[in-house]
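Note sheet for the following structure.
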Amino acid sequence: MNCRRITCAAAPLLLDGCAGSQNALGGDGADAANFVRLFIIFIVVCTAMYALVIAGLFGALWRRRREPLTVETGRHDEDAPLFSRALAVWAALIVIGLAGLTLASFLADRSNAAAAKNPKLSINITGNQWWWDIEYVSNDPSKSFRTANEVHLPVGVPVEVTLQSNDVIHSFWIPNLAGKQDLIPGRVTDIQLLPHKAGLYRGQCAEFCGVQHAHMALDVTVENKADFDRWVAAQQRPAFAPATPLELAGYRYVTTRECSVCHNITGTPASARVAPDLTHFASRRSIAAGTMPMSTGNLYGWVADPQSQKQGNNMPTVGLAPDELHAIVAYLERLK
Ligand code: CUA
């Protein structure tokens, strides 16, 4: 029987969908697939128990209506042995049901622990109000690189994700792939991912962390190994140099003025670490941790007035002149 199909039938009741890039019933990773199986087992067992209770209730009502009560006890005398038997069967069913659910939970937990043993890839993720700082770690430090708000994962490869927070408690959650793991200031936590299926997914901070908690999303691309290796090679390169006079003007502004106080662009004088790394900014799918899709129009809006786009974030509204804004946007779009 197809488990996904059963889940789909139940999904509308749970205000969830079967398809979708942010779907806890997607089962597109090892942990998530275990959770989906566990979810179906719980639904089936609990529904069966509920149906038995309702059937017993209607059975009792039917018997009571059919025959008159005895005056002394208020109950059918011949019901006593039947009542005892039913009670014993019901107690046994409860014990078996609960033991079965406990065993299923235990096995799912063991399976999750075993799925991503011997990780082949390490990623450090740091939560910030309200964005994700992401570092792909290599044994060769010159091959390590940083990005923000977007992770790429090779399909079928176990990944170790180490999690920290710079400010408050956040929670790392890619529903299609695995469960949640908190990021706690002053502590290091971790989660293992083993994606089964290529696709574009959406992660979301799952712990309220301030006014823009809802705008703390994570774009996730699961792709085949060759595409992943190409992406890694592109990310490891320094930023593209400006190619037009307008881009050059933008480069000069971004690497010497306000932007360079917070952002890093590898291969340029901008080397700060307190805001998202911009080295390959324009290769990403969204702006400001999933707040808006990457597009020229959205980029103009964001650079011109980040406070009106995502109120309370740490990027100030600078008050740029129109020619400065054009130049900055042109340069940022060069950072593929
Ligand atoms: Cu970070 Cu909610």
Side-chain angles (χ1 to χ4, degrees), residues 14-17 20-26 28-29 31-32 35 122-137 145-153 159-193 195 200-222 262-264 272-278 280-281 284-294 298 301-303 305-317:
L14 301 159
L15 301 178
D16 206 333
S21 59
Q22 187 178 330
N23 176 12
L25 299 177
D28 300 312
D31 286 20
F35 294 146
S122 291
I123 307 176
N124 291 341
I125 297 186
T126 305
N128 297 269
Q129 287 173 311
W130 296 275
W131 61 282
W132 307 93
D133 187 12
I134 295 158
E135 183 184 18
Y136 281 73
V137 189
F145 64 90
R146 289 172 79 225
T147 180
N149 304 322
E150 182 165 316
V151 292
H152 285 234
L153 304 169
V159 181
E160 165 90 2
V161 182
T162 303
L163 300 163
Q164 300 177 73
S165 171
N166 264 342
D167 35 49
V168 299
I169 298 176
H170 304 274
S171 184
F172 178 83
W173 189 32
I174 307 172
N176 290 66
L177 301 187
K180 301 171 186 173
Q181 180 60 268
D182 279 0
L183 298 82
I184 302 166
R187 285 176 66 173
V188 179
T189 54
D190 62 83
I191 187 169
Q192 286 73 41
L193 303 176
L200 302 178
Y201 303 109
R202 185 179 188 275
Q204 169 64 45
C205 179
E207 178 82 29
F208 181 72
C209 56
V211 65
Q212 292 295 347
H213 155 71
H215 286 147
M216 189 169 168
L218 180 70
D219 292 316
V220 182
T221 301
V222 177
C262 298
H263 292 283
N264 173 71
R273 293 283 188 201
V274 297
D277 189 292
L278 298 181
H280 298 286
F281 169 72
R284 296 177 202 153
R285 280 153 53 195
S286 69
I287 301 170
T291 303
M292 60 197 96
M294 179 68 73
N298 285 339
W302 176 252
V303 174
D305 188 6
Q307 289 304 313
S308 73
Q309 307 290 322
K310 187 173 177 177
Q311 198 177 24
N313 87 87
N314 282 334
M315 180 155 153
T317 296

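We count residues from 1, following the sequence as given. Counting starts at 1 for both ligands and their atoms, in listed order.
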In the protein, N/O/S atoms that are found under 2.8 Å from atom 2 (Cu) of ligand 1, waters not counted: C205 SG, E207 O, C209 SG, H213 ND1
N314, CG: over 12 other non-hydrogen atoms inside 6.0 angstrom: no
Test log, rule side chain to side chain donor-acceptor pair (under 3.5 Å), inputs D190 and Q192: CA-CA 7 Å; D190 62 83; Q192 286 73 41; 3.0 Å; yes
Student check: side-chain heavy atoms of S308 and T317 closer than 4.5 Å: no
Beyond-backbone contact of R146 with D133, side-chain heavy atoms, under 4.5 angstrom: yes
Parallel, tilted or perpendicular, as decided by the 30° and 60° cut-offs, for the rings of F145 and Y136: parallel
ring-ring contact (aromatic ring centres under 6.0 Å, His included) partners for F35, two or more places apart: none
